[in-house]
Amino acid sequence: MKRRSPLFFIFLTIFIDLLGIGIVLPLLPEYAKIVERSSWPWLADNRALIVGALTASYALMQFLFAPILGALGDRFGRRPVLLFSLFGAGLSYLVFALAENLTFLGVEMVIGLLFLARIAAGITGASISTAQAYIADVTPPNERARGLGMIGAAFGLGFMLGPAIGGLLSNVSLQAPALFAAALSFANFAFGFFRLPESLPPEKRAQTVSRSLNPISRLATVAGDARVQPFILGSMLLNLAFAGLQSNFAVYSDVRFGFGPQQNALVFAFIGLIAVIVQGFLIRKLVPQFGEARLAIAGLTLMTIGFVATGLVTAAWMLFLAVGLVALGSGMVTPSLTSLVSQSVLATEQGTTLGGVQAFTNLTMVVGPLLAGMLFDLIGPSAPYLIGAGLLASALAVLFGTLHSRLVALPQPIATNANVTAEVGVHGD
């Protein structure tokens, strides 16, 4: 078996996970309309919050189960964990696709099944750390950054193509996109079952499952580190706003401009395309020329302007310009922040620190959609974006205060920056 075959499987696994998420995003207004038909007044009046909770439930399960699946991979091997995740993802997409056909049981039952499906998808989608460990197992150190960069590419491509495919297949039926995602998951499971070797030999496995499975411990590890506290705060404010946009935009565009799945698919694909271009190609050229500090400040400025514009636009075509600024800014600031964190700690602390920062990011993916949904329902459609702009402006102030000395100095590229950028790829979005 060629060595590249396992890496191709890992790429497909992450790609399918993000593809499945992206496929659902343009369809969220249709599910919001299902919620509106509920006989329970609270559900019907809080459709945006319920849609946000669907997104948040996925992120919450990822946050809780990532250390568990990682520990199981250390104890029993990477292969069974990855195969379990793929098979479980396929089942979750099947449930999601078939839920609407059960409206005769009541709208509340349909909503419950939708949540069950997203919770299961979040649990099985928590295998990203296992995928990273598999790559580390099968690649030599000098090729590891490039191998881990494949994960970033899979994130970007999945997020870009998922909404486009979701919008296209929605012309067939509301169930077709999720059925397509299920078929991809089962196909990759079959491929891995017959072709994927185990990367962790028995003699290198942990003798017991790690006792440190509390995800909160990952937060505590870095929360008290003064070297990275400003970056953590800035990143949390940034991701709270961005997570709200991701989960709420399709509902917002439907209410404001009557966008359907096809139009929303175009917008999300546009965001994903910019993310791939900026984080996959341009960032390598921009960092040596301007430095991470300047890119982080410039990126946050663009995102703030983009959020304000998104909330205030008066014509549908203007949305593309507004979210284009958001995507461009995010593509600049996300890898720059990760690199700045990496430069702030010792080489022996890289994994623990970056893992803790990622845990904070995952937590904002839970809170952000809920916050955006509540603001939408209680204040109005533009509220998540205008208040999101306030969060971004706060992040800008925090980072400007921390980085002001670097903004006036010439950029000082560090050898590890390229590796950090390659590992981050485009998955920060």
Side-chain angles (χ1 to χ4, degrees), residues 1 3 5-14 16-17 59-89 120-152 154-155 185 188-189 191-193 195-222 342 345-363 419-420 423-425 427:
M1 182 178 180
R3 191 182 67 180
S5 294
L7 297 184
F8 180 67
F9 171 85
I10 298 299
F11 176 88
L12 282 179
T13 300
I14 304 303
I16 289 171
D17 185 34
L60 177 61
M61 291 303 105
Q62 275 200 324
F63 173 74
L64 294 175
F65 280 85
I68 296 175
L69 293 189
L72 291 174
D74 290 340
R75 174 64 181 90
F76 299 106
R78 322 292 187 203
R79 184 177 185 272
V81 172
L82 291 171
L83 292 179
F84 159 79
S85 297
L86 277 168
F87 192 79
I123 294 173
T124 57
S127 59
I128 177 64
S129 59
T130 306
Q132 291 173 323
Y134 192 106
I135 291 176
D137 292 340
V138 300
T139 55
N142 63 328
E143 296 182 14
R144 194 158 297 156
R146 184 172 61 181
L148 291 171
M150 291 175 58
I151 292 180
F155 267 77
S185 298
N188 201 33
F189 168 81
F191 172 71
F193 186 83
R195 297 293 304 277
L196 184 72
E198 176 56 62
S199 66
L200 188 66
E203 63 272 15
K204 293 185 178 181
R205 296 178 191 175
Q207 296 304 305
T208 59
V209 175
S210 173
R211 290 175 293 178
S212 180
L213 299 180
N214 183 358
I216 303 300
S217 64
R218 292 181 293 162
L219 306 180
T221 301
V222 296
S342 177
V345 298
L346 300 175
T348 54
E349 301 172 303
Q350 297 282 322
T352 299
T353 302
L354 290 175
V357 173
Q358 185 60 44
F360 274 103
T361 299
N362 291 343
L363 197 57
N419 289 342
V420 171
E423 291 186 21
V424 173
H427 69 272

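Heavy atoms only: backbone and side chains are in, while hydrogens, waters and symmetry mates are out.
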What's the spacing between [X] [atom1] and [Y] [atom2] if we round to 0.5 Å?
| X | Y | atom1 | atom2 | value |
| --- | --- | --- | --- | --- |
| F76 | F84 | CZ | CZ | 13.0 Å |
| L69 | R78 | CG | CZ | 12.0 Å |
| L72 | T130 | CG | OG1 | 8.0 Å |

**Message:** For G122, is there any backbone N or O sitting under 3.5 Å from a side-chain donor or acceptor partner on Q62?
**Reply:**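 No, Q62 side chain to G122 backbone: no donor-acceptor pair under 3.5 Å.
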**Request:** Verify, without hydrogens or angle tests, whether R195 (side chain) and F9 (backbone) share a donor-acceptor contact under 3.5 angstrom.
**Result:**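 No; zero donor-acceptor contacts below 3.5 Å.
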**Message:** Among T13, V81, L196, L200, which residue satisfies the side-chain contact (heavy atoms from CB on, under 4.5 Å) criterion with Y134?
**Reply:**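 Option passing the side-chain contact (heavy atoms from CB on, under 4.5 Å) with Y134: L196.
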**Message:** Can you confirm if the NZ or CZ of R79 lies within 45° of the ring axis of F193 and under 6.0 Å from the centre of its six-membered ring?
**Reply:**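 Yes, R79 lies over the aromatic ring of F193.
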**Asked** Can you name the closest pair of heavy atoms from S199 and P201 and give their distance?
**Response**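 S199 and P201 have their closest heavy atoms at O-CD, 3.4 Å.
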**Request:** Determine whether I10 and L82 make a side-chain contact, defined as any pair of heavy atoms from C-beta on separated by less than 4.5 Å.
**Result:**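 Contact flag for I10/L82 side chains = yes.
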